[in-house]
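All values below were derived from every heavy atom in this structure, side-chain atoms included, with hydrogens, water molecules and symmetry-related copies excluded. Naming: A, B, ... by sequence-line order, numbering from 1 per chain.
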2 protein chains.
Amino acid sequence: MSAERRSFKREGADSRKEALIRATLALMADRGPSAATVRAIAEKAGITQGMIRHYFSSKEDLINAAYQTHMHGQTDAAKRAAGAGGTARNRLALVVRASVTPPVADPTALSLWAGFIHMVWRDPSMRATHEQTYLRYRDLLQSLIAEALAEAGRIVDADEARRFAIACNAVVDGLWLEAGALPDAFEEDELAYIALDSVAAILGLPLILDEQCEPDRENT
Amino acid sequence: MSAERRSFKREGADSRKEALIRATLALMADRGPSAATVRAIAEKAGITQGMIRHYFSSKEDLINAAYQTHMHGQTDAAKRAAGAGGTARNRLALVVRASVTPPVADPTALSLWAGFIHMVWRDPSMRATHEQTYLRYRDLLQSLIAEALAEAGRIVDADEARRFAIACNAVVDGLWLEAGALPDAFEEDELAYIALDSVAAILGLPLILDEQCEPDRENT
DNA sequence: CCCGTAATTATGCAAGCGTATAGTTATTGG
DNA sequence: CCAATAACTATACGCTTGCATAATTACGGG
């Protein structure tokens, strides 16, 4: 008469943590932060809700881990798009384009990001993660910019490089935001071209994608 | 032994609605969307929780009204900064500066916006409000841009004006975002200058504020 | 003057939340 | 081969939530 007990499956700690994090992200992306309850997360991860407190000290801890995972995924995807070889100018163009096109820029990523952002103000550790991730992307941009300008024979001091990075970061973020907020309002390549044109205008450096020297997925 | 009953105060419907909306915004800005419960909102508005359902059909309805109020306030503040007279170029500069400086750009506004954004996906009426507000600001920018370019003797077709508006909007949004996310990472005027320089570079049109023209660095 | 009506308060309710904990089942070292 | 232990399930608890409704109060027209 009692419902049959759930089948007992033993799994490694890492795989369980990852499953919980992925379930959290999926729920938040789908139906907002409020949908990411411990029960829903556990169900989506295929385990019972007790596990979440067995692997994370609290739900907030799990949320934090999910936030880190998401942000690292975003940055890594953009960095990966740059590839290893080619000119700095081309790598910069590739990073810019990747940052305003799927899968980095899409409604799911924006929704997820927005869901996390408001937690940043209350939890200091989430704020730390936020700043770190934010500045890391900007630093990536800044070094590519400085390198690309150097290739063109222009030497900029650190202050100017910083301002360039802030401005280009803003363009990219703004377009990333628009791509996620109004995915049907633009052609698929339109935002990429606008991003490249704008960054080029800001830097005074033509940015054209060297399609044939585009790196492929093979590098790592 | 029974606690004394709350003093009975009769008020107009508009003032009550406004009080509820302001309380909602204050709570969301302060402690996130989850803190904006009907009880907390009512307490902050100085009334009992029954009133919220007396003036709004549901809590979601109140949230929607608060969203509209906030977004309209943001756009209106930027528009107001442009003033009525002066050249279009100067009005454009004023709008750009206003959009990346307080009170339009600040942590509270960002936190509030992020709190709303993730609701946009579930509720169609909030999505409608979102698109409408979004495009209205961009249209404001686009008309100012077209006018300013015309002043300089440059006629751009509708397609190019649209791309310019998208790009400038992106710069402004990105800097607005950074100003709200990392309020201590920039000098107070720094983002305004970067915004003006970037928009100027994108449009190929020098943007200098009339009233107080600090001769900043040359772009490019 | 007073009563009907609308505004406002107070209270109750079912559902869902995060967390704690007791009970159950694999794995493992000796 | 059998405890000991860690992984895992199941359930209960206290709290909060949005919403509904009964009780109370002010106000305006007869």
Side-chain angles (χ1 to χ4, degrees), chain A residues 1-21 23-24 27-28 30-67 115 118-119 122-123 125-126, chain B residues 1-21 23-24 27-28 30-67 115 118-119 122-123 125-126:
Chain A
M1 60 181 53
S2 71
E4 63 271 21
R5 194 182 177 84
R6 183 188 179 81
S7 76
F8 202 102
K9 185 68 196 300
R10 213 182 187 83
E11 202 87 19
D14 286 349
S15 114
R16 278 281 142 93
K17 281 197 171 192
E18 189 193 322
L20 284 169
I21 288 174
T24 304
L27 281 167
M28 285 188 63
D30 265 16
R31 291 156 48 216
S34 64
T37 68
V38 289
R39 286 166 178 81
I41 292 169
E43 187 188 19
K44 191 143 204 149
I47 53 181
T48 51
Q49 64 166 305
M51 297 310 302
I52 171 176
R53 293 252 320 148
H54 189 261
Y55 284 116
F56 295 92
S57 69
S58 70
K59 185 199 173 187
E60 200 161 334
D61 196 32
L62 167 58
I63 296 287
N64 205 323
Y67 181 42
H118 77 260
M119 307 177 187
R122 280 175 290 185
D123 186 350
S125 75
M126 290 206 71
Chain B
M1 49 180 59
S2 71
E4 63 270 20
R5 195 181 175 82
R6 183 186 179 82
S7 77
F8 202 103
K9 186 68 196 301
R10 216 182 186 84
E11 202 88 19
D14 286 349
S15 116
R16 277 280 142 91
K17 281 196 172 190
E18 188 193 321
L20 284 169
I21 288 174
T24 303
L27 281 166
M28 283 188 64
D30 265 16
R31 292 156 44 216
S34 63
T37 68
V38 289
R39 286 166 177 80
I41 291 170
E43 187 188 20
K44 192 144 203 147
I47 53 182
T48 52
Q49 63 165 305
M51 299 310 301
I52 171 177
R53 291 253 321 148
H54 190 262
Y55 283 117
F56 295 92
S57 69
S58 71
K59 185 200 173 185
E60 199 162 333
D61 196 32
L62 167 58
I63 296 285
N64 205 323
Y67 182 42
H118 76 261
M119 306 179 188
R122 278 175 292 183
D123 186 351
S125 75
M126 291 208 69

Contact under 4.0 Å: [X] side-chain N or O vs [N] OP1/OP2:
X: His54(A); N: dC8(D); value: no
X: Thr48(A); N: dA10(D); value: no
X: Tyr55(B); N: dT8(C); value: yes

Matching residue for Val38(A) among Ile52(A), Leu62(A), Leu20(A), Thr24(A) - test: side-chain contact (heavy atoms from CB on, under 4.5 Å): Ile52(A)
For Ala35(A) and Gly50(A), find the nucleotide of DNA chain C closest to each by heavy atoms; which residue's nucleotide sits nearer the 5' end? Ala35(A)
Atom [atom1] of [X] to atom [atom2] of [N]: distance rounded to whole Å?
X: Asp61(A); N: dG18(C); atom1: CG; atom2: P; answer: 14 Å
X: Gln49(A); N: dC17(C); atom1: CD; atom2: P; answer: 10 Å
X: Ile52(A); N: dA7(D); atom1: CD1; atom2: P; answer: 17 Å
X: Arg16(B); N: dA7(C); atom1: CZ; atom2: P; answer: 11 Å
X: Ile63(A); N: dG18(C); atom1: CD1; atom2: C1'; answer: 12 Å
X: Ile41(A); N: dC17(C); atom1: CD1; atom2: C1'; answer: 12 Å
X: Met51(B); N: dC19(D); atom1: CE; atom2: P; answer: 16 Å
X: Glu43(A); N: dC17(C); atom1: CD; atom2: C1'; answer: 15 Å

Quick one: does [X]'s side chain get under 4.5 Å of [Y]'s, heavy atoms only?
X: Tyr67(B); Y: Met119(B); result: no
X: Glu60(A); Y: Ser125(A); result: no
X: Tyr55(B); Y: Ile47(B); result: no

Which nucleotide, [options], lies nearest any side-chain atom of [X]?
X: Thr37(B); options: dT9(C), dT17(D), dT19(C); result: dT17(D)
X: Ile47(B); options: dC19(D), dT9(C), dG18(D); result: dT9(C)
X: Lys59(B); options: dG18(C), dG18(D), dT19(C); result: dG18(D)

Between the base of dG16(C) and the side chain of Arg39(A), is one N or O donor paired with an acceptor at under 3.5 angstrom? no
Main-chain N/O of Ala19(B) paired with Lys44(B) side-chain donor or acceptor, under 3.5 Å: no
